[in-house]
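A quick write-up on the structure given underneath.
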Amino acid sequence: MSDHHHKETFVTKYIFSQDHKMISKQYLITGIVMGCIGVFMSMLFRLQLAYPEQSFSIIEAFLGRAGEGGVMTPDMYLSLVTIHGTIMVFFVLTAALSGTFSNLLIPFQIGARDMASPFLNMLSYWLFFLSSVIMLLSLFIETGPANAGWTIYPPLSALPQAISGSGLGMTMWLVSMAIFIASSLMGALNYIVTVLNLRTIGMKMTRLPLTIWAFFVTAIIGVVSFPVLLSAALLLIMDRSFGTSFFLSDIYIAGEVLHYKGGSPVLFEHLFWFLGHPEVYIVILPAMGIVSEVLATNSRKPIFGYRAMIISIIAIAFLSTIVWGHHMFVTGMNPFLGSVFTFTTLLIAIPSAVKAFNWITTIWKGNLRMNPAMLYSIGFVSTFITGGLTGLILGDSAIDINVHDTYFVVAHFHLVMGVSAIFGMFAGVYHWFPKMYGKMMNKDLGYLHFWLTAISAYGVFFPMHFIGLAGLPRRYYNNTAFPIFDDLLHINKVMTIFAIIGGLAQIIFLANFFFSIYKGKRAPKNPWHANTLEWTTEVDHIHGNWAGEIPAVHRWPYDYSKIDENGDLWGGQDFTPQTVPIRDGEEEF
Amino acid sequence: MKALFFIIIFVVLIVACWQFVKLLGLTKVDNQTATEKENNINGWLMLGLMGFIYGLMIYSMYGAKDVLLPRASASEEGYHIDNLFVMTMTLILVVQFIMQFLLFFFSFKYRGIDDRKAFFFADSHKLETIWTVIPTIVLSGLIIYGIWTWNNVMDSSDAKDPIFIELYGKQFQWDARYAGEDNQLGSANVRFIEGTNTMGVDMTDKNSADDIPLVVNEGKFVKELHVPKGRKVIFKIRSQDVLHSVFMPHFRAQMNAVPGMVTEIAFTPVITTAEMRLNEDTKAKFEAINELRKEKGEEAVEFDYLILCNKICGSSHYNMQLKIVVDEEADFNKWLATQNTFAQINNK
Ligand code: HEM
Ligand SMILES: [Cu+2]
Ligand SMILES: [Cu+2]
């Protein structure tokens, strides 16, 4: 570190890098790998759901003894579902989504040379990497990975007698998540401090792109809620290994009474969902930020209602911390609390509706450039609406009674959080790939990827609502034990076929992504004609981002298609970067 | 090492995919942002996607009507829940149709044309007020009706002459206990489990003697939980080991079974099993099911009410069930009289 010329070795440049751009790429690649694993798991268990007794050599090949004869065991089914959920929610859509785009865009878009603490940033990535490795290693142990569901409710998750995955598998899950939380807190603190302190001259909070607002508020929610999950995990570890009774009481299992007395599983559920609900906003807010930015740029129009967008981000963040009980209407929680949580939950629909209306108005009378990122952003708005609306059913305690924990819920959260956030992430990758790698991605592959993915996302998750309404509970290894579900099998087959198409379509993305890094056309400095600061940096990454001074900012980021008093475009082009001073006679928005 | 083989196929597919595009891409002019032609194609495809989504919605709703639960709720409380559900669902569908239309229609209509200017439109307080106030009003209605229904369903304190039944979940079966003559359940705790007292009932409690257990003694799975039509049934729910959830979809009822705690859910059955078997929806559904079963060479089945377990509880979570039979009250009383109380069992 005594070196003032930043001479870099391979290790400091590509591995233990402290540069936000490199860390962002590390997050993205790790996320892509984890995402492939998560999606692959979902295809395996979808095979099981659609063809319950059939033998598949792919199942035998990957699951070994747990897939003997090509049919997976019930325990393995639950493990796959659990690890799929964990990987998708935490590793892909929390760590990789925020990690990639907060790291890339916060310094770039606020005009900073790097994060406030590059070292902490590096540490955050490597802890994330470590936790991913531990989670993946748990797939290979004798007793199988954790399989109590991604929500790991005790007592099931606390007692190895209850299910095999609650032995070493659950220990590894908990250790991995504890490290993950440490990583995510370091990242979040860094983002908050950076946004607050390192903005360039003129970059007022009210001139920040909505991406930054979203990442900033996401980081705050993370700091508020992740420690609660950590405490829940630690208490669970105590119950599991040191005989305490925080969550356990009066249990008789495997022929004996256990010593636990006085604890309550409901307490765990409160702690879990105090993180768990904000978590879904940790997942969706960054995607919303990305989508707002991409929609405005590609519509060649300002984002509609910039202030309202900021206010609704803050309102959503605030409300998200007081609605967790809607996951617990039928847990035996006091019915009065059920009413309270119904009230707060349905309130959250208001800022969400405002955002949806504002996005649609942003497109209205635009001049839409149908780049792949734009398609994904439109897709995001669509799935967010479809998935969000059914939240009105699940958030209303009385109707939730009959759909809670059925496939209706699985359909709802996949659309509103899973698919939407993934769409947001793809939009971000297609849009900022030139900034990350200095190359362009292939557009045609991008189109093909979008259309296949969008169709199959709806094909998988729309019919799923109805098998939920038919009463089918989630986390069922198969439905053949109940004749009343016999007629759902053909719907399950349709969904599985769409899932396989959708999964295979991702190969197109992978091909496009990895080959464009090496063989893509070189990107121009500002390929999308956007206003934000990152496009004023050089195409090739340099330490400190700007060779000279950091540019000053004079306006908000959404001056697209602004016209002067004669009705002509200001400056003769349909965008005015933030670095352009306010002109004579121009009114700042 | 077959796994490796599959992974290699996967990688080869990625490479093939790229090569394919390189072949196609050779002749194309390179352009960073979408061209007018691409805007046009994708704009039309957006309309196509809208058509696909509408089609899928209509098709699934049409196709699903045969597989759903019978429309008639088997419990009185369920009527309110169904009303609220239908109301909310109607609202959702209307909003869904309109919003998706606006989104995709605008995406199509405003697809880029090279020399068109977008309309600089950054803010409108009037519009924003409208779409803050309207959802607020609609949601207030939903909240009030929702909370009213919830309280109605959850509060059974004013029930006239209810009957108390304990449901007891354990890996992987449901046991039950009727409160008997005194209509009071004797207290219980897993620490009392011993021998045939598999539910851990405190036999020294004076309320226990007349309780009637419904336990699988021979390990056989042919149990039926009988309940009377027209009388409120209050279920007291316990668990022996891990979380389970009593899920009775036909009655629109669900409540978790939590070790260390007694939870409660109540409803008044209004349709007997025999009546439900004659219901049009049920008949159609079971005809279809039996058709499918015949093709697979399985025996035909009849409609029955069920308890399913709806909280992940271990390997056989997917097969933890109990049959419920709703009888006319007289039949129910006759049936109950044939069952043994603890006092009778213990004196044998
Ligand atoms: C290829 C696309 C995907 C398919 C086909 C798929 C399918 C499924 C299915 C069938 C289940 C099992 C439901 C159950 O038995 O309870 C499930 C669970 C889950 N999925 Fe996905 N999924 C996909 C992508 C995603 C994404 C992108 C997310 C990110 C949020 C996600 C998050 C989850 C979660 C949290 C669970 C619950 C796990 C649990 O019950 O513990 N999935 N998925
Ligand atoms: Cu929630
Ligand atoms: Cu169970």
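Residue numbers begin at 1 in each chain, while the letters A, B, ... track the order of the sequences.
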Working for side chain to side chain donor-acceptor pair (under 3.5 Å), residues B:Ser315 and A:Asp75:
CA-CA 5 Å; B:Ser315 318; A:Asp75 275 6; 2.6 Å; yes
Among side-chain atoms of B:Asn42 and A:Trp451, is any donor-acceptor pair under 3.5 angstrom?
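Yes, A:Trp451 and B:Asn42 have a side-chain donor paired with an acceptor closer than 3.5 Å.
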For chain A, find which of [options] contributes the most heavy-atom pairs closer than 4.5 angstrom.
options: B:Ser239, B:Ser107, B:Gly48; answer: B:Ser107
options: B:Asn151, B:Ile289, B:Val153, B:Thr88; answer: B:Ile289
options: B:Gly78, B:Gly112, B:Ser140, B:Cys313; answer: B:Gly112
options: B:Leu93, B:Ile41, B:Thr149, B:Leu84; answer: B:Leu84
options: B:Val301, B:Ile144, B:Leu91, B:Val67; answer: B:Val67
options: B:Met154, B:His80, B:Met99; answer: B:Met99

Under a 4.5 Å heavy-atom cut-off, does chain B meet the side chain of [X], its backbone, both or neither?
X: A:Leu258; result: backbone
X: A:Asn479; result: neither
X: A:Leu488; result: side chain
X: A:Tyr560; result: backbone
X: A:Ser299; result: backbone
X: A:Phe329; result: both
X: A:Ala353; result: side chain
X: A:Tyr260; result: backbone
X: A:Glu256; result: neither
X: A:Val330; result: both
X: A:Pro434; result: neither
X: A:Ile385; result: both
X: A:Leu472; result: neither

Any donor-acceptor pair under 3.5 Å linking the side chain of A:Asn367 with the backbone of B:Lys117?
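Between the backbone of B:Lys117 and the side chain of A:Asn367 there is no qualifying donor-acceptor contact (under 3.5 Å).
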For the pair B:Gln254 (side chain) and A:Ile401 (backbone), establish whether a donor and an acceptor sit closer than 3.5 Å, ignoring hydrogens and angles.
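A pair under 3.5 Å: yes.
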Identify the heavy atoms of [X] and [Y] that sit nearest to each other, and give their distance.
X: A:Ile251; Y: B:Pro259; value: CG1-CB, 4.1 Å
X: B:Gln321; Y: A:Ala481; value: NE2-O, 3.0 Å
X: A:Pro335; Y: B:Trp150; value: O-NE1, 2.8 Å

Between B:Lys285 and A:Asp487, is a salt bridge (charged side-chain N to carboxylate O under 4.0 Å, His left out) present by the stated rule, with each step listed?
CA-CA 8 Å; B:Lys285 184 175 163 90; A:Asp487 51 352; 3.3 Å; yes
Top contributor to chain B contacts, counting heavy-atom pairs under 4.5 Å, from [options]:
options: A:Ser397, A:Ala523, A:Gly332; result: A:Ser397
options: A:Gly305, A:Gly459, A:Gly471; result: A:Gly305
options: A:Gly379, A:Ser249, A:Gly366, A:Pro74; result: A:Gly366

Kindly compute the distance separating [atom1] ([X]) from [atom2] ([Y]), expressed to the nearest 0.5 Å.
X: A:Tyr458; Y: B:Leu56; atom1: OH; atom2: CG; result: 9.5 Å
X: A:Asn478; Y: B:Asn319; atom1: CG; atom2: CG; result: 8.5 Å
X: B:Asp82; Y: A:Asn402; atom1: CG; atom2: CG; result: 8.0 Å
X: B:Ile92; Y: A:Leu389; atom1: CD1; atom2: CG; result: 5.5 Å
X: B:Ile7; Y: A:Phe62; atom1: CD1; atom2: CZ; result: 4.5 Å
X: A:Phe466; Y: B:Leu68; atom1: CZ; atom2: CG; result: 7.5 Å

B:Glu298, CD: over 12 other non-hydrogen atoms inside 6.0 angstrom:
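Check passes, neighbour count above 12.
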Counting only heavy atoms not in B:Phe108, do more than 12 fall under 6.0 Å of its CZ?
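More than 12 within 6.0 Å, yes.
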Test item: [X] and [Y] side chains (from C-beta on) under 4.5 Å apart, heavy atoms:
X: A:Ile378; Y: B:Leu103; answer: yes
X: B:Asn310; Y: A:Thr406; answer: yes
X: A:Pro155; Y: B:Leu243; answer: yes
X: B:Phe286; Y: A:Ile484; answer: yes
X: B:Leu308; Y: A:Tyr476; answer: yes
X: A:Phe450; Y: B:Leu45; answer: no
X: B:Trp131; Y: A:Ile360; answer: no
X: B:Arg191; Y: A:Asp250; answer: yes

Run the side chain to side chain contact (heavy atoms under 4.5 Å, CB included) check on B:Leu102 and A:Trp364 step by step: do they pass?
CA-CA 9 Å; B:Leu102 294 178; A:Trp364 178 68; over 6 Å; no
For A:Met328 and B:Asn256, what are the C-alpha separation, side-chain angles and deciding distance, and is it a side chain to side chain contact (heavy atoms under 4.5 Å, CB included)?
CA-CA 9 Å; A:Met328 300 172 57; B:Asn256 287 5; over 6 Å; no
Hey, which of B:Phe119, B:Phe106, B:Phe121, B:Phe120 is the one that makes ring-ring contact (aromatic ring centres under 6.0 Å, His included) with A:Phe304?
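One option only clears the test, and that one is B:Phe121.
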Residues A:Ser382, B:Met50; criterion side chain to side chain contact (heavy atoms under 4.5 Å, CB included); working and verdict
CA-CA 9 Å; A:Ser382 173; B:Met50 177 172 85; over 6 Å; no
Carefully, step by step, assess B:Glu38 and A:Asn371 under the rule side chain to side chain contact (heavy atoms under 4.5 Å, CB included).
CA-CA 8 Å; B:Glu38 284 163 337; A:Asn371 293 314; over 6 Å; no
